[in-house]
Every structure is written in C-alpha cells, then in structure tokens.
Amino acid sequence: MEREEFLEVYRHSLAHILAKAVIEIYGKDVQYAIGPQIADGFYYDFVMPEGVQVKQDDFKTIEDKMREIIKRRETWTRKEVTKAEALEIFKDQKFKTELINDLPEDETITIYLTGDDFVDLCRGPHIENSQELMNAAFEIRSVSGAYWRGDEHRDSMLRIYAYAFPDKNALKAHKNMIKEAMERDHKKIGSELSLFMFDETAPGMPYWLPRGWKMYQALLKFSREIQEKHGYTEISAPLINNKKLWLISGHWAHYVNNMFMVPGVSGWLKADANIEEVIENLQDPEAPAKNVKIAAGSAVYNREAEDTMAAKPMNCPNAMMTYKRTVHSYKELPIRYSEYDVLHRKEKSGQMNGLFRVQEFRQDDDHTFVMESQIEDEIADIIAIADEIYSTFGVTYRAEFSTRPDDFMGDIEVWNRAEAALKKILDKKYGEGGYEINEGDGAFYGPKIDLQIKDALGREWQCGTIQLDFQLPHNFGLTYQTQDGNLEMPVVIHRAIYGSLERFIGIIIENFKGIFPFWLSPYQVAVVPIREEHNEYAKKVMDALQAAGIRAEADYSDKNMKEKIKAFKSYKDPYILVLGDKEAAENTVSVNVRGNKQMNNVPLDVFLGLCEKMNREHSLEVIDHID
RNA sequence: GCUGGAAUGGCGCUGUCGGUAGCGCAACUGAUUCGUAAUCAGUAGGUCGAGGGUUCAAGUCCCUUUUCCAGCUCCA
C-alpha cells in the first residue's frame with residue numbers, strides 16, 4: 001500500500017473510532033455527521049446532547065476510550081445496502097439521513113460496521129480489524145465550532161480535531177514542525193523586533209512602532225517606484241464620506257454592517273420609547289425581531305440622518321469621483337489612480353488575527369479606467385508587476401480565477417469577452433491548469449483573479465487581487481468620448497498586489513523569520529563606537545550613511561561594546577559596524593555581518609557602495625564578503 | 001457570531017489546598033572604558049485585563065464583560 005493511501009485509510013478509520021468513542025462516552029443521543037481525513041490527521045463533526053460540553057480536560061478521556069476500543073480488536077464489516085435500508089439504519093441520525101437522501105437513487109450505498117454496535121455511512125476503504133490501528137499515534141488536538149455543510153445558517157456543530165500518524169515518531173516530528181512554525185509567528189516576531197503593537201482600545205488596528213514604520217515606508221517606496229514606471233499616478237482622498245456617496249456606490253445597501261459610522265449632529269434623538277420589531281442581529285436574516293425598551297433620557301442615533309458619514313472600507317468610490325471630475329477622451333485611457341489611504345472595515349468578533357486580518361489597514365490599491373479593448377494588455381501588465389514584486393520577496397503564490405456568478409450584473413457578452421481575455425493571459429502566464437478556476441465565484445460586478453500566499457503554518461491568505469468592474473462605472477455614470485464622438489462607459493480594474501500592507505508584512509515577517517533583506521530591514525546598519533572617545537568618528541560614519549539614504553542607528557552611550565552589539569543583534573540588523581582607534585585612523589569600518597561573518601577594515605566608501613547596491617537592487621541576500 | 005483556550009511589572013514566566021505577589025531579562029543609579037552575543041554592585045517598578053459575587057480572607061472559586069490565540073464562517 002502506498003504511504004498516502006495507507007495514511008488515508010488509517011486516518012479515516014480512526015475517525016470512525018473517534019465517533020464510536022464519543023457515542024460510548026456521551027450516549028446514543030449524539031448526532032454524528034462527517035469525519036474526513038485532513039493534512040495531519042482527521043476531524044469528526046457532532047451535535048452533542050443538550051448541555052454537553054467537550055473541553056480540553058476531556059480529551060484524555062476520549063483518547064483513552066479510543067485506545068480501549070482499538071484493543072477490542074473488532075472486525076470491520078463492509079455492507080452494501082439499498083437506500084431504504086440505509087434510511088432505516090440511520091433513522092435517528094438527522095445528518096446521515098440528509099446525506100443518504102442526497103445520494104442518487106441508483107447509487108450503491110456502503111456502510112461499515114466496527115464491531116456490531118457502531119455503524120457509519122461510508123465509501124471506504126477501511127482496515128479489516130481494529131488491531132491494525134494498534135501502532136497508530138493519534139492525539140486530540142482541539143475542538144471548534146463548525147457549521148453543518150459550512151453554512152452559518154444551519155446547525156452549529158462540535159468539531160473534534162485529531163493528529164494522526166502511523167507511529168509515535170511521525171507524530172512527534174509533526175508536533176515539532178508545528179512548534180517551529182509557531183516560532184515564525186509574525187505576532188511574536190513583531191513584538192520581539194518592536195515592529196508593531198495592539199491595544200484593546202483599538203481592536204484590529206495596529207500601532208506601527210518606529211522600527212516597523214521604517215519597514216512599512218520601505219515597502220511603500222518600493223511599490224511607488226514600480227508603479228511610477230508602469231504609468232500609475234497616485235491620489236489621496238477623504239477617509240470619511242457622507243452616506244450619499246455610499247448610497248451611489250452601493251456600499252450602503254451591501255456593506256454598511258462592515259463600516260465604521262461617524263454620526264453627524266442632527267441624527268441624535270432623545271429616546272423614551274418601546275420599539276417593536278427590532279432586529280438586533282443585522283448579520284442574520286433569520287434573527288427574530290424583538291421589542292426593545294429604550295430607557296427614558298437615552299440618546300439614540302438615527303443612521304439614516306442626512307449628515308451621517310462613514311469611514312471608507314474601500315477606495316473605489318473616491319476613485320470614481322476623481323475620474324468623474326472632468327470629461328475624458330479615449331486618448332487618455334488607461335487612467336490609473338493608485339491610492340494608499342487608510343481603510344476601515346468593521347469585522348465580526350473572532351475574525352481578527354494579528355496583522356493578517358485587521359480592522360484598519362492600507363492597500364497598495366489602484367483603479368484603472370480602460371476601454372474594453374484594453375483589458376487584456378492591462379491585466380498582462382498587472383501580472384508582470386505582481387511577478388516583479390513577489391519575486392523580490394522570494395514568495396511563491398497561487399492564482400485563482402473566479403468567473404461569472406448566477407446573479408451577475410451587466411451584459412453577458414461583455415462578461416464572456418472579459419473572461420476570455422483573462423483566461424488567455426492566465427493560460428499564457430501559468431499554463432493551462434497552472435491556476436485554479438472557481439466557476440461562478442466572481443463578484444456580481446465582474447470576474448476576478450486572486451493571488452494567494454501561504455503563511456508559516458501553511459494557511460493561505462489572499463494578497464493580490466485583480467477585479468474587473470462593470471457596475472461602479474455604471475453607478476457613477478462614468479463615460480469617455482470615443483473616436484467618433486459617442487459616449488461610452490469605461491471598465492474599471494481594481495487591483496492590489498501586496499493586498500493589504502498589513503497582511504503582506506505579516507506574511508513576509510513569517511517568510512523571513514524576522515531576518516529581512518537589507519533593503520527591507522527597519523535599520524540597515526548599526527554603529528558601535530568602542531569607547532566614548534570614538535563617538536566623534538562614529539558620528540561622521542552615521543552622517544555618511546544617512547547621506548547615502550541608509551537607515552542607520554548608533555549607540556553612543558558608555559555601555560561596553562559587547563552590550564551594544566548584543567542589543568543590535570537581537571534586532572537582527574544586517575550590519576553592525578564596530579569603530580575604534582584603527583578605523584578612525586584609516587577611515588574604515590569593521591563589519592559584523594548578520595549570521596556572524598566578519599568583514600574587517602573595509603574603506604567607508606566601499607561599504608557605502610555595497611549598501612547602496614543592495615538598496616538599489618532590492619537584493620534578497622546580504623553581502624558578506626568583499627571581492 | 002459559533003466552539004475551546006488564554007490574560008500576573010516593558011518582555012518572558014512561577015504562584016500548591018483560597019492566607020494578602022515572586023524570578024529572569026530589560027530599565028534606572030554607581031563603579032568599570034572595555035576589539036565583536038550577557039562586567040560587578042545596588043535601586044525602582046504590579047489595585048494580578050475590567051466589573052460584580054461568595055468568603056474572616058480571592059491572582060486562585062462563581063457570574064458578567066473586554067481583548068488576544070487556535071479553529072469554523074466571512075474576508076484583503
């Protein structure tokens with residue numbers, strides 16, 4: 001048996017054992033749903049009897065029960081049954097019943113019995129006797145909430161996750177790997193390197209500390225340089241707009257629950273009332289309406305007041321307004337408005353995650369206004385930019401193409417032509433099958449290409465995105481004048497390459513483990529005068545570094561040099577210059593390269609030259625020798 | 001929003017059966033003036049996330065709540 005197949009059978013069989021154990025512990029009222037294998041083990045979804053909780057303390061009980069079941073060396077029996085028989089067997093199991101009912105009429109249904117008291121609906125294959133699992137190494141990892149069939153409006157279930165490997169060593173090795181991945185966690189490194197912080201008064205809104213902000217600026221500078229070369233022009237626009245704008249863009253109708261409101265002065269009402277039919281949870285269309293008593297003397301705000309403003313969750317509406325300022329000729333297109341403004345998106349609690357998911361962030365955003373005939377070339381250029389940027393960081397990405405959904409807006413012919421153009425570029429760039437296609441997953445306003453990057457734990461995050469938009473130009477009534485004098489509507493391309501700067505920084509912190517390329521390092525060079533009498537020369541070196549555009553920091557204090565070096569090393573500065581009598585006399589620097597290589601007595605000019613070279617070329621490697 | 005965890009000086013942690021908070025690093029002061037990752041001595045810093053409750057007594061037990069983490073769902 002191949003290793004993969006072996007793992008699959010093992011894990012899947014263990015999932016059945018888990019379900020059997022849970023039923024033996026918590027009783028026959030447990031509803032069991034599905035228990036697939038995953039990358040490092042398996043999970044099983046249950047609905048527990050009323051009032052039953054499964055906590056970390058219970059994991060051992062469940063594991064022990066599973067081991068006890070395995071030790072019974074029960075035989076596994078595969079049976080083929082008819083749909084009617086299956087429905088009878090699982091008549092008390094609502095999820096199994098639903099699964100069976102969804103199967104085609106003529107499908108052969110297989111069930112597996114473990115011993116004679118546990119039966120599961122399953123395609124198999126499985127082991128033949130529980131004793132085959134005697135050496136299996138497994139461990140309950142965690143429990144989590146999950147929704148039946150991934151739909152938050154359906155049953156809320158308890159998902160039990162477990163690691164599972166063929167033997168103890170493999171499990172141990174895997175847990176070690178997880179531990180090492182956690183060492184790369186950007187939240188941990190960000191704190192150690194003093195890059196950013198959070199405070200509970202601003203959930204999901206990073207404070208960028210001096211060192212982190214240096215890096216942030218370096219990323220912005222890099223983005224601006226590249227976009228300048230590609231004909232982009234940068235704008236900046238209001239961070240809050242009156243709700244009139246959001247009514248035009250459609251955000252008031254579709255996105256208002258994710259927007260931070262800025263009340264005006266007129267909408268405050270003194271309340272002393274009973275309000276009927278209040279839907280408290282706007283996120284949930286099924287939420288029951290309630291009667292709400294507003295205490296006498298309370299003030300409530302009417303969001304629909306005319307002076308209500310809201311912080312922008314996206315830049316698009318302002319870019320539309322900017323385009324609309326004057327009439328445009330076809331000769332001007334494409335027009336590219338890039339924008340790095342601060343965005344706010346209110347998230348449901350439990351959605352935030354370090355820098356990966358925040359409520360306040362900046363995108364390397366752009367809105368490009370094109371004629372339909374220009375879409376193909378423009379997208380090709382955007383993908384070229386994405387390649388240039390991602391390769392500079394040495395990260396790999398995966399492209400996903402999302403096509404027309406059922407509730408699409410606009411002309412189907414335009415959609416077809418646009419999708420064909422996108423597909424042509426993707427095929428050329430990544431090869432057929434070199435990217436994922438999500439049929440019907442596009443936005444209602446246009447097809448899109450998403451670029452996904454993995455974090456240290458292998459979770460994928462969407463960074464880059466390229467979206468065509470046929471809706472906003474329509475909502476804002478955008479036009480351009482064609483060669484024959486007619487007015488036509490431009491197509492808008494929304495695109496971001498980093499995606500959010502915050503998320504991207506999180507990704508690269510984990511990718512580089514905090515050991516950044518020279519051009520990206522918060523401080524690039526640290527200066528250590530050996531004794532206070534060397535401060536004068538150190539200042540001269542600092543001036544030269546700063547004049548060359550190099551981010552440098554120095555420690556002129558009377559601490560001993562070992563302490564100074566230690567502090568800079570903990571910040572992972574690429575170069576530490578040690579300056580004493582010899583260097584001052586010869587106008588040189590002695591360089592300790594991150595990773596502990598040494599370059600001694602380097603003429604200052606030569607050192608400046610190699611720093612400038614790395615900044616210019618955005619090199620991934622730090623130069624550690626002089627040719 | 002859902003499930004399960006967590007929160008103790010700036011950071012990392014200990015705190016037993018409920019008995020009135022400790023340690024390391026960092027900081028500060030003094031001495032040391034030093035050639036590549038921890039010199040020595042001393043000092044200061046905490047209403048234990050917030051609110052309420054039980055108790056003679058709460059970091060510890062109970063309730064509420066905020067934030068964070070791992071998942072689910074949603075997303076850049």
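In this text the structure is predicted, and so the values were computed from the model without any measurement. Quick note on labels: first sequence line is chain A, next is B, and so on, each numbered from 1.
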The side chain to side chain contact (heavy atoms under 4.5 Å, CB included) partners of Ser349(A) (sequence neighbours excluded) come to none
Choosing from G1(B), U36(B), U33(B), which nucleotide comes nearest the side chain of Ser349(A)? G1(B)
Nearest to the side chain of Ser144(A) - G71(B), C68(B), C34(B)? G71(B)
Can you tell me, in whole Å, how much space there is between the P of G49(B) and that of C56(B)? 25 Å
With the side chain of Tyr161(A) defined as its heavy atoms from C-beta on, choose the nearest nucleotide among C2(B), G35(B), G71(B). G71(B)
Students often get this wrong, so: under 4.0 angstrom with heavy atoms, is Asn315(A) touching a base, only sugar-phosphate, or nothing? nothing
Parallel under 30°, tilted from 30 to 60°, perpendicular over 60°: which one fits the rings of Tyr390(A) and Tyr397(A)? tilted
Distance check needed: G35(B) P versus Asn535(A) CG, whole Å only. 16 Å
Quote, to the nearest angstrom, the C1' distance that separates C25(B) from C17(B). 33 Å
Check every strand shown and say whether Glu347(A) touches a base, only sugar-phosphate, or nothing at a heavy-atom separation below 4.0 Å. base
Please report the distance, rounded to the nearest Å, between NZ in Lys569(A) and C1' in A26(B). 20 Å
With a non-hydrogen cut-off below 4.0 angstrom, is Asp581(A) in contact with a base, only sugar-phosphate, or nothing? base
Can you run through RNA chain B from 5' to 3' and write each base as (, ), [, ], | or . depending on how it pairs? Watson-Crick or G-U wobble, both distances under 3.5 Å. (((((((..((((.....[..)))).(((((.......))))).....(((((..]....))))))))))))....
Short side-chain donor-acceptor distance under 3.5 Å, Gln467(A) and Tyr445(A): yes
State whether Asn353(A) places a side-chain N or O below 4.0 Å from either non-bridging phosphate oxygen (OP1 or OP2) of A70(B). yes
Which part of the nucleic acid does Gly506(A) contact within heavy-atom distance under 4.0 Å: base, sugar-phosphate only, or nothing? nothing
Selected nucleotide, minimal atom distance to Met561(A) side chain, candidates U73(B), C34(B), G71(B): C34(B)
Rounded interatomic separation in angstrom, taking CD from Glu583(A) and P from G35(B): 12 Å
Looking at Glu192(A), I want to see if its CD is surrounded by more than 12 non-hydrogen atoms of other residues, nucleotides or ligands under 6.0 Å. yes
Interatomic distance where NZ belongs to Lys60(A) and P belongs to G5(B) [whole Å]: 18 Å
On RNA chain B, more 5' by nearest nucleotide between Val54(A) and Lys559(A) is Val54(A)
Separation between CG of Leu472(A) and CE of Met320(A), rounded to the nearest 0.5 Å: 5.0 Å
Between C11(B) and G45(B), how far apart are the two C1' atoms, rounded to whole Å? 14 Å
So what does Gly150(A) touch, heavy atoms closer than 4.0 Å: a base, only the sugar-phosphate, or nothing? sugar-phosphate
What is the nucleic acid contact for Ser590(A), judged by heavy atoms within less than 4.0 Å: base, sugar-phosphate only, or nothing? base
Hey, what's the ring geometry for Tyr498(A) with Phe393(A), parallel, tilted or perpendicular (30° and 60° as the breaks)? perpendicular
Any Ser142(A) side-chain N or O less than 4.0 Å from OP1/OP2 of G4(B): no
If you count heavy atoms of other groups shown closer than 6.0 angstrom to NZ of Lys454(A), is the number above 12? no
Can you find a side chain N or O atom of Arg459(A) that sits less than 4.0 Å from OP1 or OP2 on A70(B)? yes
At under 4.0 Å between heavy atoms, what does Lys55(A) touch on the DNA or RNA strands: base, sugar-phosphate, or nothing? sugar-phosphate
Rounding to an integer number of angstrom, what distance separates G1(B) and U65(B) when you compare their P atoms? 10 Å
Indicate, with a heavy-atom threshold strictly under 4.0 Å, whether Ile530(A) touches base, sugar-phosphate, or nothing. base
What distance, rounded to whole Å, do you find between the two P atoms, one in C48(B) and one in G59(B)? 7 Å
Leu193(A) CG - C11(B) C1' separation (whole Å): 13 Å
Applying ring-ring contact (aromatic ring centres under 6.0 Å, His included) between Tyr43(A) and each of Tyr163(A), Tyr32(A), Tyr161(A), report the one that passes. Tyr161(A)
Is the number of heavy atoms from other residues, nucleotides or ligands within 6.0 Å of NZ (Lys513(A)) greater than 12? no
First encountered from the 5' end of RNA chain B, between Asp199(A) and Glu563(A): Glu563(A)
Within the structure, does a side-chain N or O atom of Lys566(A) lie under 4.0 Å from either OP1 or OP2 of A26(B)? yes
So if I take every side-chain heavy atom of Gln598(A) and compare against U36(B), U33(B), C72(B), which nucleotide ends up nearest? U36(B)
A58(B) and U54(B): how far apart are their C1' atoms, nearest whole angstrom? 10 Å
Reckon Glu192(A) touches a base, only the sugar-phosphate, or nothing at all at heavy-atom distances under 4.0 Å? nothing
So if I apply the ring-ring contact (aromatic ring centres under 6.0 Å, His included) rule between Phe518(A) and each of Tyr575(A), Tyr523(A), Phe512(A), which one comes out positive? Tyr575(A)
Using the P atom on both, measure A6(B) against G22(B) and round to a whole Å. 25 Å
Of the options A70(B), U36(B), U33(B), whose atoms approach the side-chain atoms of Lys187(A) most closely? A70(B)
Which part of the nucleic acid does Arg141(A) contact within heavy-atom distance under 4.0 Å: base, sugar-phosphate only, or nothing? nothing
Give me the ring orientation class for His251(A) and Trp246(A): parallel if the planes are under 30° apart, tilted from 30 to 60°, perpendicular past 60°. perpendicular
Look at the side chain of Lys562(A) and decide which nucleotide, out of U36(B), U3(B), C34(B), has an atom nearest to it. U36(B)
For U73(B), does OP1 or OP2 lie under 4.0 Å from any side-chain N or O of Gln351(A)? no
With side-chain hydrogen bond (donor to acceptor under 3.5 Å, both in side chains) as the criterion, how do Gln598(A) and Asn600(A) come out once you've worked through the C-alpha distance, each side chain's angles and the decisive distance to 0.1 Å? CA-CA 6 Å; Gln598(A) 193 68 29; Asn600(A) 286 329; 3.0 Å; yes
For Gly354(A), answer base if it contacts any base atom (sugar-phosphate contacts may also be present), sugar-phosphate if it contacts only those atoms, and nothing otherwise; contact means non-hydrogen atoms under 4.0 Å. sugar-phosphate
Under 4.0 Å from OP1 or OP2 of C75(B): is there any side-chain N or O of Arg357(A) that close? no
Phosphate contact (C75(B) OP1 or OP2) by Lys346(A) side-chain N/O below 4.0 Å: no
For Leu158(A) and C2(B), what is the distance between atoms CG and C1' respectively, to the nearest whole Å? 11 Å
State which of U73(B), U36(B), U39(B) makes the closest approach to the side chain of Ile565(A). U36(B)
Over all strands shown, is Glu360(A) touching base, sugar-phosphate only, or nothing at heavy-atom distances under 4.0 angstrom? nothing
Using atom P in both nucleotides, what's the gap between G18(B) and A57(B) to the nearest angstrom? 15 Å
Taking only the side-chain heavy atoms of Met352(A) (C-beta and beyond), determine which of C68(B), C75(B), G35(B) contains the nearest atom. C68(B)
